[in-house]
Structures are given as C-alpha cells and as structure tokens.
Amino acid sequence: MSIFGKRKPKWEPLVCRPADIFEIIKQYVSIGAPLLTLNIEIYGKPHKIGVTSDYDSRKKISFDIEYYLDGQVFKTFDEFRESARVDGVLFANLETVSITSSDELGNPRNDPFLAAREIVTYK
C-alpha cells in the first residue's frame with residue numbers, strides 16, 4: 001500500500017447481542033442524535049446497521065429518522081427490530097454480533113455503553 005493509501009484501523013471486534021445494538025440505537029435517538037453507523041460482522045461477512053436522519057439547524061431538530069441494516073430501510077424502530085434480516089435470518093434472533101468499528105466512534109469500545117455490553121469470550 002502506498003503512503004497515501006487509506007489505512008483501515010484494526011480493532012478487536014466487540015461481541016454483543018443484537019438487543020444491545022438496538023438499545024444503543026434507541027439511546028442515540030432519545031438524546032436527539034439519530035446518526036450512528038456500526039460496521040458489524042455476521043457469519044464472517046461485513047454489514048452496516050444504524051440510524052440516520054435529516055436535521056433542521058434553525059429548529060435544531062432531527063426529522064425523517066430511518067433505521068437500516070444494509071439495504072433494508074425502516075421508518076419506525078419497531079418495524080426495524082421486527083423485520084431486519086441477515087441472509088434470511090431475523091437480526092433480532094441472532095445469538096451474537098461482532099462490531100468491528102463505527103463510522104462515528106471508530107473503535108466501538110470508545111462508547112462506554114457498548115463496551116459495558118460486551119460478551120466476554122474465553123479462548
């Protein structure tokens with residue numbers, strides 16, 4: 001790789017449950033900051049999950065909040081939680097998910113909520 005190439009940081013994946021990811025997304029929405037992208041790995045394949053919205057700087061409010069998992073987009077949190085699928089499997093029913101990074105946080109351990117939810121695995 002050239003010295004001008006983009007270098008991707010390497011963090012140890014943070015392993016948690018889908019319920020933990022839903023909780024952090026809800027937390028970001030509840031504090032008025034509905035903008036979060038988590039880069040996750042499921043069955044050895046990369047995926048993106050999160051929440052996004054538009055923002056009115058004059059009124060200082062977010063609107064048109066959307067939740068997503070890869071190309072799937074949902075208008076409500078309940079629809080997101082009840083319908084988002086990975087390879088035909090309901091995301092909410094997965095046992096664990098590896099968070100490899102966050103577009104906003106970088107290392108997922110930078111978010112104390114996520115770090116506290118990590119499932120410790122023993123080798």
Side-chain angles (χ1 to χ4, degrees):
M1 175 180 277
S2 77
I3 60 172
F4 300 107
K6 222 177 176 181
R7 218 173 187 191
K8 192 174 182 182
K10 300 275 182 179
W11 291 292
E12 196 66 31
L14 189 150
V15 179
C16 64
R17 294 178 306 270
D20 299 324
I21 291 176
F22 289 138
E23 283 300 315
I24 194 165
I25 289 172
K26 280 175 47 178
Q27 180 184 18
Y28 273 68
V29 172
S30 74
I31 63 170
L35 182 62
L36 177 69
T37 298
L38 297 173
N39 300 299
I40 61 176
E41 189 175 286
I42 302 168
Y43 307 133
K45 293 193 278 185
H47 300 274
K48 287 190 179 268
I49 189 169
V51 61
T52 189
S53 69
D54 290 323
Y55 184 75
D56 184 329
S57 59
R58 288 181 300 149
K59 294 181 182 177
K60 298 185 187 222
I61 59 166
S62 296
F63 61 97
D64 290 340
I65 297 171
E66 293 182 329
Y67 306 88
Y68 62 90
L69 174 58
D70 295 332
Q72 304 164 71
V73 178
F74 306 94
K75 293 288 185 187
T76 68
F77 179 79
D78 289 338
E79 181 186 13
F80 171 56
R81 187 183 61 227
E82 295 166 6
S83 301
R85 295 183 179 278
V86 175
D87 295 332
V89 177
L90 190 63
F91 178 77
N93 288 346
L94 296 172
E95 190 172 320
T96 61
V97 176
S98 296
I99 303 172
T100 56
S101 67
S102 166
D103 288 359
E104 292 75 28
L105 303 169
N107 185 342
R109 288 176 179 77
N110 288 343
D111 186 294
F113 181 86
L114 277 176
R117 296 291 183 108
E118 181 172 24
I119 298 171
V120 179
T121 55
Y122 298 96
K123 296 182 180 184

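Everything numeric in this text was worked out from a predicted model, so none of it was measured. Count residues from 1 along the sequence.
In the hydrophobic clustering of ILVMFWY residues, with side-chain heavy atoms under 4.5 Å counting as a link, Tyr67 and Leu90 come out apart.
Screening Leu38, Val86, Ile21 for a side-chain contact (heavy atoms from CB on, under 4.5 Å) involving Leu69 leaves a single residue, Val86. If you run side-chain hydrogen bond (donor to acceptor under 3.5 Å, both in side chains) between Lys48 and each of Thr37, Asn39, Asp70, only Asn39 comes through. A side-chain contact (heavy atoms from CB on, under 4.5 Å) with Val29 is found for exactly one of Leu36, Val51, Leu35, namely Val51. When each of Phe22, Phe74, Phe80, Tyr43 is checked for a ring-ring contact (aromatic ring centres under 6.0 Å, His included) with Phe91, only Phe22 meets the rule.
Checked by atom type and distance alone, the side chain of Arg109 pairs as donor or acceptor with a backbone atom of Glu12 at under 3.5 Å. Side-chain atoms of Glu41 do not come within 3.5 Å of backbone N or O of Thr100 as any donor-acceptor pair.
Residues Glu95 and Arg17 form no side-chain contact, since every pair of their non-hydrogen atoms from C-beta on lies 4.5 Å or further apart.
Across Pro108 and Ser101, no two heavy atoms sit closer than the pair CD-CA, 3.9 Å.
Here CD1 of Ile25 is found 11.5 Å from CZ of Arg81. Values are rounded to the nearest 0.5 Å. How far CG of Asn107 is from CD1 of Ile99: 10.5 Å, rounded to the nearest 0.5 Å. Taken to the nearest 0.5 Å, the CG atom of Asn110 stands 12.0 Å off from the CD atom of Glu104. If you take CG on Leu94 and CG on Asp87, they are separated by 9.5 Å, rounding to the nearest 0.5 Å. We find the CD1-CZ distance between Ile65 and Phe77 to be 12.0 Å, quoted to the nearest 0.5 Å.
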